[in-house]
**Student:** 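Pasting a structure here, questions to come.
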There are 2 protein chains.
Amino acid sequence: MAELAGVSVASVSRVLNGLPASDAVKEKVNRAVDELGYRPNAFARSLKVRRSQQLAFAVADVGNPVYVEMMRAIEDETRAHGYRLLVSSTGGRSDDTLALLDSLEGGYADGLVLSPVRVDARLVARLRQVTYPLVVIGTVPTDVAVDNVRANSAGGVRLALEHLHEQGCRRIAFVNGPEDTVPGEARRQAFERTAQALGLDPGADLRVEAGDFTLAEGRKAAETLLDRTTPDAVLGGNDLLAIATMQVLAERDLRIPDDVAVVGMDDTELAGVTSPSLTSVGLGAHERGRVAARLLLDRLDHADREPQRVTVQPQLSVRDSSRKGDAARR
Amino acid sequence: MAELAGVSVASVSRVLNGLPASDAVKEKVNRAVDELGYRPNAFARSLKVRRSQQLAFAVADVGNPVYVEMMRAIEDETRAHGYRLLVSSTGGRSDDTLALLDSLEGGYADGLVLSPVRVDARLVARLRQVTYPLVVIGTVPTDVAVDNVRANSAGGVRLALEHLHEQGCRRIAFVNGPEDTVPGEARRQAFERTAQALGLDPGADLRVEAGDFTLAEGRKAAETLLDRTTPDAVLGGNDLLAIATMQVLAERDLRIPDDVAVVGMDDTELAGVTSPSLTSVGLGAHERGRVAARLLLDRLDHADREPQRVTVQPQLSVRDSSRKGDAARR
DNA sequence: CTGAAAGCGCTTACAG
DNA sequence: CTGAAAGCGCTTACAG
């Protein structure tokens with residue numbers, strides 16, 4: 001390359017990086033670049049400058065709409081700053097998450113946004129040792145010094161329950177996801193407290209725990225619930241669980257919302273598609289992604305700033321599945 | 001690191017790569033590794049061995065369930081072979097796709113799976129010049145020498161139309177996506193030909209083109225269609241367009257499937273969630289991803305094998321939205 | 001089995 | 001402004 005252009009490799013590097021060079025040299029270099037379709041080797045560059053220009057996003061399940069939403073936000077943000085985004089799906093396996101955290105020490109990405117479903121002691125211990133820029137989406141112990149963005153699950157549950165309470169519901173059931181996960185546990189706690197504060201029926205028969213945040217597990221859980229009781233309303237731990245519940249209700253000829261109102265969480269695109277449309281509490285997935293990306297980009301420039309904690313506020317979208325008294329469909 | 005262990009850097013490298021070494025040396029190296037949390041630098045390694053152990057997947061829209069499905073399949077396959085997957089979203093912008101193809105020449109990934117929505121002359125020209133392993137999901141001119149996996153859109157449209165024909169439908173409308181895209185164009189052609197072969201009403205008023213493969217654009221297109229005529233059935237260019245049509249039909253108090261049957265394409269998770277559930281033709285997104293990943297992995301080892309072309313066959317999933325005579329719901 | 005040395009392809013002070 | 005040279009951190013023939 002340098003030979004073809006008839007200049008030194010240093011000059012090639014300078015021209016390609018926009019550093020000062022005479023027009024003559026620029027001309028020669030550009031001509032040779034075109035001729036050869038030359039592209040500087042990314043590794044050699046990274047090895048020298050100690051930056052990869054890559055950022056990583058690690059997530060339990062790329063198929064979950066919530067994470068897709070986050071990924072979009074992160075992609076937009078990082079791309080705008082000239083970084084490529086590497087998406088890694090750990091499938092919820094703790095070991096894969098730990099392996100990923102380790103392998104990033106090899107430097108192939110300049111930073112990581114991590115959104116774990118389960119936060120156990122091993123993960124927390126590992127997070128303390130990470131030597132690269134890291135932001136965690138989700139709840140981590142306050143003494144782990146990483147940037148952290150959280151959803152306000154408790155606030156979200158409260159919005160949902162208050163809304164149902166206003167609709168006259170008093171026996172409100174909760175089809176939650178697994179309670180050994182971060183969101184599952186947070187939502188369970190919030191449900192208990194808020195139900196008590198609102199003076200709702202505290203019956204233990206009103207709570208079921210699905211094996212996963214999926215339609216299939218949601219159906220099973222909803223059937224368990226409805227076999228033992230018929231509540232005024234059901235709150236789903238996420239939209240999929242709420243939708244599964246709606247399906248089971250329909251199969252049992254219970255009208256939504258007149259017999260049983262239903263509210264989901266996450267406010268995914270699915271919520272607008274079901275019939276009746278699903279009332280849902282958005283937990284700001286897009287916003288969480290955006291904020292996380294910004295924190296990471298900011299930390300790349302300011303390695304020593306204090307770790308920040310940002311909480312994104314929930315928002316309730318009321319649709320047909322919870323408007324008692326209205327027609328369920330037009 | 002080597003100093004701490006008291007051995008040469010060569011020995012460190014050998015131990016870490018599982019090459020022959022005495023137990024004494026292994027012991028020293030492992031001890032030092034643990035103490036330092038040492039990780040070999042990924043770039044230095046890649047620079048030397050000329051491999052990144054990364055593969056890239058480029059896609060128009062990470063949010064589209066079809067691509068998520070592909071991504072999952074590709075992730076599973078590549079991860080099993082020890083590669084990381086880099087996901088890049090080009091947002092359907094041609095320039096971004098070209099820029100990506102260029103930048104990969106820098107070597108930061110060992111190969112690429114590309115799934116473009118639009119294939120124009122510039123892209124085809126660029127594809128011919130690519131110097132790294134590449135597989136394209138979608139249709140490319142036969143003389144472009146890349147591995148290629150395709151959906152059988154024509155076969156899929158045929159399955160859908162034959163099914164509707166059997167249900168007694170003769171005036172079948174088509175709510176297609178943009179016809180300057182690869183899938184849009186293929187589906188339009190297939191629709192015309194199959195409609196003719198089956199002796200369906202060829203009325204031009206039965207075809208509308210949505211601005212994009214989305215719910216919002218689908219609604220507009222469906223309204224345009226239903227303002228001018230009421231067909232026996234509607235085929236959607238994808239599930240989102242079909243679902244949007246179902247919503248508009250419901251708003252106009254047309255019963256599905258008794259007044260108007262509806263069939264989608266892609267057979268995404270959404271199809272099982274709507275009410276009535278949506279009959280849809282799956283075009284094998286998961287399978288296309290899996291095959292593409294395998295072709296790419298295979299090519300990494302066999303740079304000189306002939307480019308292959310694989311077509312994945314469609315499959316019809318009949319659900320409630322098209323079973324005339326049955327109850328639309330239980 | 002092990003170490004010294006070359007070299008992967010860049011960038012960047014350092015001279016000129 | 002430009003070139004020669006050092007060096008980023010590995011791997012891998014080459015000797016021993």
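Sequence lines set the chain letters: A, B, ... in the order given, protein chains first and strands last, and positions in each chain run from 1.
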**Student:** For the pair made of OH in A:Tyr108 and P in D:dC8, what is the distance, rounded to whole Å?
**Tutor:**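 Taking OH of A:Tyr108 and P of D:dC8, I get 24 Å after rounding.
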**Student:** Regarding B:Glu287 and B:Arg290, does a basic nitrogen lie under 4.0 Å from an acidic carboxylate oxygen?
**Tutor:**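 Result for this pair is yes, salt bridge flagged.
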**Student:** Without hydrogens or angle criteria, can the side chains of A:Glu105 and A:Thr131 be said to hold a donor-acceptor pair below 3.5 Å?
**Tutor:**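 A:Thr131 and A:Glu105 do have a side-chain donor-acceptor pair below 3.5 Å.
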**Student:** Please report the distance, rounded to the nearest Å, between CZ in B:Arg51 and P in C:dG9.
**Tutor:**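 After rounding, the gap between these two atoms is 15 Å.
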**Student:** Quick one, B:Leu55 with B:Leu296, criterion side-chain contact (heavy atoms from CB on, under 4.5 Å). Give me CA distance, side-chain angles, the key distance, then yes/no.
**Tutor:** CA-CA 9 Å; B:Leu55 263 18; B:Leu296 186 60; 3.7 Å; yes
**Student:** May I ask you to test the A:Val113-A:Glu77 pair for a side-chain heavy-atom distance under 4.5 Å?
**Tutor:**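 Sidechains of A:Glu77 and A:Val113: no contact.
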**Student:** Mind listing the closest non-hydrogen atom pair of B:Tyr132 and B:Leu101 along with its distance?
**Tutor:**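 Smallest interatomic distance, heavy atoms only, reads OH-O, 2.8 Å.
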**Student:** Extract the stems that DNA chain D is part of, considering only consecutive pairing runs of at least three Watson-Crick or G-U wobble pairs, both distances under 3.5 Å.
**Tutor:**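 Counting only runs of 3 or more consecutive pairs, the stems involving DNA chain D are C:1-3 with D:14-16, C:5-12 with D:5-12, C:14-16 with D:1-3.
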**Student:** For residues 20-30 of chain A, which residues have at least one heavy atom under 4.0 Å from DNA chain D?
**Tutor:**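 Listed by number, they are A:Pro20, A:Ala21, A:Ser22, A:Val25.
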**Student:** Could you tell me how far apart B:Glu3 (CD) and C:dG3 (C1') are, to the nearest whole angstrom?
**Tutor:**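 So the CD-C1' distance, B:Glu3 to C:dG3, works out to 14 Å.
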**Student:** Which pairs pass side-chain hydrogen bond (donor to acceptor under 3.5 Å, both in side chains) with one or both residues in residues 25-38 of chain A, sequence neighbours excluded?
**Tutor:**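 Qualifying pairs, neighbours excluded: A:Glu27-A:Arg31.
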**Student:** Within this structure, what is the CD-to-P distance between B:Gln53 and D:dC10, rounded to whole angstrom?
**Tutor:**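 Result: 16 Å.
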**Student:** Quick check on B:Glu306: does its CD atom have over 12 non-hydrogen neighbours (other residues, nucleotides or ligands) under 6.0 Å away?
**Tutor:**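 Count not over threshold, so no.
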**Student:** Under the rule for side-chain contact (heavy atoms from CB on, under 4.5 Å), what residues qualify as partners of B:Arg309, not counting sequence neighbours?
**Tutor:**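 B:Arg309 satisfies side-chain contact (heavy atoms from CB on, under 4.5 Å) with B:Thr142, B:Asn148, B:Arg150 only.
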**Student:** For DNA chain C, which residues of residues 31-43 of chain A approach it to below 4.0 angstrom with any heavy atom?
**Tutor:**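 When residues 31-43 of chain A is checked for heavy atoms under 4.0 Å from DNA chain C, the hits, listed by number, are A:Tyr38, A:Arg39, A:Pro40, A:Asn41.
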**Student:** How long is the line joining CD of A:Glu105 and P of D:dG9, in whole Å?
**Tutor:**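 Spelled out: CD on A:Glu105 to P on D:dG9 is 15 Å.
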**Student:** Does A:Asn64 reach the side chain of A:Thr268, with side-chain heavy atoms less than 4.5 Å apart?
**Tutor:**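 Side-chain contact under 4.5 Å: no.
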**Student:** A side-chain contact here means heavy atoms from C-beta on lying under 4.5 Å apart; do B:Tyr108 and A:Ser52 qualify?
**Tutor:**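 No. Closest side-chain heavy atoms not under 4.5 Å.
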**Student:** N/O contacts under 3.5 Å, protein versus nucleotides 12-16 of chain C?
**Tutor:**
{"from": "C:dA13", "atom 1": "N6", "to": "A:Arg14", "atom 2": "NH2", "distance (Å)": "3.3"}

**Student:** Is it true that B:Asp147 and B:Arg294 make a salt bridge, defined as a side-chain N closer than 4.0 Å to a carboxylate O?
**Tutor:**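 Between B:Arg294 and B:Asp147 there is no salt bridge, as every charged N stays at least 4.0 Å from the carboxylate O atoms.
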**Student:** Between B:Asp120 and B:Arg126, is there a salt bridge with N-O shorter than 4.0 Å?
**Tutor:**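 Looking at B:Asp120 together with B:Arg126, the answer is no, because their closest N to O distance does not fall below 4.0 Å.
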**Student:** Would you say that more than 12 heavy atoms from the other residues, nucleotides or ligands in this model lie under 6.0 Å from the CD of B:Gln53, or not?
**Tutor:**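 Counting other residues, nucleotides and ligands, CD of B:Gln53 exceeds 12 neighbours.
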**Student:** May I have the distance from A:Leu47 (atom CG) to C:dC8 (atom P), rounded to whole angstrom?
**Tutor:**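 Going from A:Leu47 (CG) to C:dC8 (P), I get 14 Å.
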